[in-house]
Protein chains: 2
Amino acid sequence: MISQNIKVAVDAVVFGYVERQLQLLLIKQKYGSEKNKWALPGGFVLDHEDLDTAVTRELKEETGITLAYLEQLYTFGAVKRDNRQRVVSIAYLGLINPKKFKLTASTDALEVGWFAIDALPPLAFDHQEIVAKGLERLQNKISYKPIGFELLNTEFPFSNIENLYQTILNKPIDRRNFRKKLMSFGILEETDKISKPESGRPAKLFRFNTKKYKALEQKGFHFEIKFA
Amino acid sequence: MISQNIKVAVDAVVFGYVERQLQLLLIKQKYGSEKNKWALPGGFVLDHEDLDTAVTRELKEETGITLAYLEQLYTFGAVKRDNRQRVVSIAYLGLINPKKFKLTASTDALEVGWFAIDALPPLAFDHQEIVAKGLERLQNKISYKPIGFELLNTEFPFSNIENLYQTILNKPIDRRNFRKKLMSFGILEETDKISKPESGRPAKLFRFNTKKYKALEQKGFHFEIKFA
DNA sequence: CATATTTTGCGTTTAAACAACACAAAATTA
DNA sequence: TAATTTTGTGTTGTTTAAACGCAAAATATG
């Protein structure tokens with residue numbers, strides 16, 4: 001067998017959405033050459049664990065969070081991306097509603113925090129590039145997969161999903177056409193509850209019906225939202 | 001630093017298109033537990049080389065081929081995907097016109113060959129899964145990126161690209177609508193040459209204008225072909 | 001208490017894109 | 001000379017997208 005000296009790591013680009021802001025989960029490095037810099041949660045893969053298991057474990061350890069949505073993003077393997085040694089990192093994209101977990105820094109991390117995506121601190125290694133890739137994936141994917149709901153409460157006023165799309169895509173969309181289109185899919189069900197907003201008129205609460213979506217998908221249905 | 005015993009490899013899912021058939025490039029393993037089984041070209045990454053460099057090198061070494069198109073596909077890292085030891089493999093998707101290279105097996109490969117995608121031999125490791133992922137990516141991507149041309153000659157009759165789409169998507173498409181749509185983009189230019197078919201009427205030869213496409217893309221143009 | 005403000009919740013009209021479909025002309029083969 | 005294969009256009013009805021306007025329900029304001 002060949003002799004090879006490459007380490008394998010995983011990193012997670014985890015997005016949250018709070019108060020009309022897209023946020024990114026970061027930790028402050030405790031050790032290493034990039035000590036005290038903010039970085040993506042992640043770490044080395046154990047010999048006996050699968051890649052997604054490794055991300056899940058690291059996230060739990062470093063931030064206390066368990067994701068609602070996780071998918072492999074891209075693998076970063078440039079020779080000099082880490083100056084200490086050769087590290088190939090498999091990046092994952094994760095989504096979570098930040099309200100569902102309290103952040104708890106621990107083992108490898110001094111601090112943990114949510115940062116507005118458009119006001120990130122300087123990041124360690126090539127993590128800026130990884131985040132860019134993650135954001136790009138998210139922006140593309142919400143147009144053809146209903147993953148945006150992972151970022152919201154189970155029950156939400158329609159304006160929430162509408163604002164979420166505008167925030168993530170960073171452009172205005174027509175409320176009326178958006179609502180018509182989304183409702184036409186039949187994957188949102190109306191609850192009998194009403195929101196109590198801080199200002200303005202109360203709104204019906206909706207719920208994303210995962211079962212219905214899966215069933216439709218099975219029948220060849222293809223979620224897709226286009227924007228003017 | 002953590003002690004870790006994982007090897008990093010790359011594998012290539014390389015597609016070719018010949019005579020209305022989608023083909024896959026395979027090599028017959030010379031060594032190892034999967035000796036004499038067919039497998040994807042690939043191998044271990046050297047400590048000092050980037051991932052895409054590694055794929056390119058391995059492909060050249062094992063098959064003599066240099067790709068026209070290459071993109072990262074997905075990373076496969078299940079603990080037991082290789083029974084000898086832990087190997088994480090970054091898979092790449094490649095496209096080439098098989099006519100452009102003569103296959104030359106060498107160092108690590110007993111034989112090299114093109115196989116019709118719907119008549120593959122049993123594959124080593126989890127390579128079947130990797131191929132499935134590659135095919136899925138190809139099928140999706142030709143709908144929104146003009147990568148199909150990488151599989152054709154520089155100059156080709158229109159029916160070639162039309163048949164290519166039907167073959168890859170494995171379903172019939174309406175010739176008239178397809179042609180109208182594709183021509184409307186203005187990224188195909190007509191040459192003054194005429195094909196000499198083996199049967200039927202001669203046809204104008206077209207050429208994909210990469211420059212024009214890149215320019216349009218810059219201006220926000222989005223290649224997309226939908227099918228009835 | 002009346003009025004302004006915010007936000008919700010529809011609905012219409014026009015333009016563009018898609019889907020479905022037919023037939024004649026240019027070559028080769030029989 | 002006729003049959004076969006393949007090319008190369010159209011047209012029309014249907015669906016979807018784009019661009020709009022406005023009234024009602026609540027809260028905030030003076």
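By convention in this document, chain letters (A, B, ...) are assigned in the order of the sequence lines, proteins followed by strands, and residues within each chain are numbered from 1.
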**salt_bridge(Lys141(B), Glu71(B)) N-O dist < 4.0 Å** = yes
**Fill in**
Rounded to whole Å, the CD1-C1' distance (Ile225(B) to dA17(C)) equals 14 Å
**Request:** Go through the steps to decide whether Phe76(A) and Tyr74(A) satisfy the test ring-ring contact (aromatic ring centres under 6.0 Å, His included), and finish with yes or no.
**Result:** CA-CA 7 Å; Phe76(A) 295 81; Tyr74(A) 197 82; 5.3 Å; yes
**Salt bridge Arg57(B)-Glu61(B), side-chain N to carboxylate O under 4.0 Å** = yes
**Message:** Tell me every residue that passes side chain to side chain donor-acceptor pair (under 3.5 Å) with Asn170(A), counting only those two or more places apart in sequence or in another chain.
**Reply:** none
**Asked** To the nearest Å, how far apart are Glu190(B) CD and dT7(D) C1'?
**Response** 12 Å
**Message:** Output the rounded distance in Å from NZ (Lys226(B)) to P (dT15(D)).
**Reply:** 16 Å
**Message:** So if I take residues 179-188 of chain A and measure heavy-atom distances to DNA chain C, which residues fall below 4.0 Å?
**Reply:** Arg179(A), Lys180(A)
**Request:** Whole angstrom is fine here: how far is it from CG in Asn160(B) over to C1' in dT6(D)?
**Result:** 12 Å
**Prompt:** Hey, would you say the Phe15(B) and Tyr17(B) ring centroids sit under 6.0 Å apart?
**Reply:** no
**Request:** State yes or no: are the ring centers of Phe223(A) and Tyr144(A) separated by less than 6.0 Å?
**Result:** no
**Message:** Restricting to side chain to side chain donor-acceptor pair (under 3.5 Å), what partner residues turn up for Asn160(A), sequence neighbours left out?
**Reply:** none
**Asked** Ring centroid separation for Phe149(A) and Phe156(A), is it under 6.0 angstrom?
**Response** yes
**Fill in**
Rounded to whole Å, NE2 of His222(B) lies from C1' of dA17(C) at a distance of 15 Å
Under 3.5 Å, which protein N or O atoms sit close to an N or O of nucleotides 22-26 of chain D? Give each pair with its distance.
unit_1  : atom_1 : unit_2    : atom_2 : d
dA24(D) : N3     : Arg201(A) : NH1    : 3.0
dA25(D) : O4'    : Arg201(A) : NE     : 3.3

**Asked** Can you find a side chain N or O atom of Ser159(A) that sits less than 4.0 Å from OP1 or OP2 on dT8(C)?
**Response** yes
**Complete:** Residue set satisfying side chain to side chain contact (heavy atoms under 4.5 Å, CB included) with Thr56(B), at least two apart, ordered chain then number -> Leu70(B)
**Message:** Does any part of the side chain of Met183(A), heavy atoms only, come nearer than 4.5 Å to the side chain of Leu188(A), both counted from C-beta?
**Reply:** yes
**Prompt:** Where along residues 139-147 of chain A does a heavy atom come under 4.0 Å from DNA chain C, residue by residue in number order?
**Reply:** none
**Request:** Taking the six-membered ring for Trp and the single ring otherwise, decide whether the centroids of Phe185(B) and Tyr213(B) are under 6.0 Å apart.
**Result:** no
**Message:** Between C1' on dG21(D) and CG on Asp174(A), what's the gap in Å once rounded to a whole number?
**Reply:** 11 Å
**Request:** Whole angstrom is fine here: how far is it from CG in Asn177(B) over to P in dG13(D)?
**Result:** 16 Å
**Asked** CZ of Phe178(B) versus C1' of dT9(D): gap in Å, rounded?
**Response** 16 Å
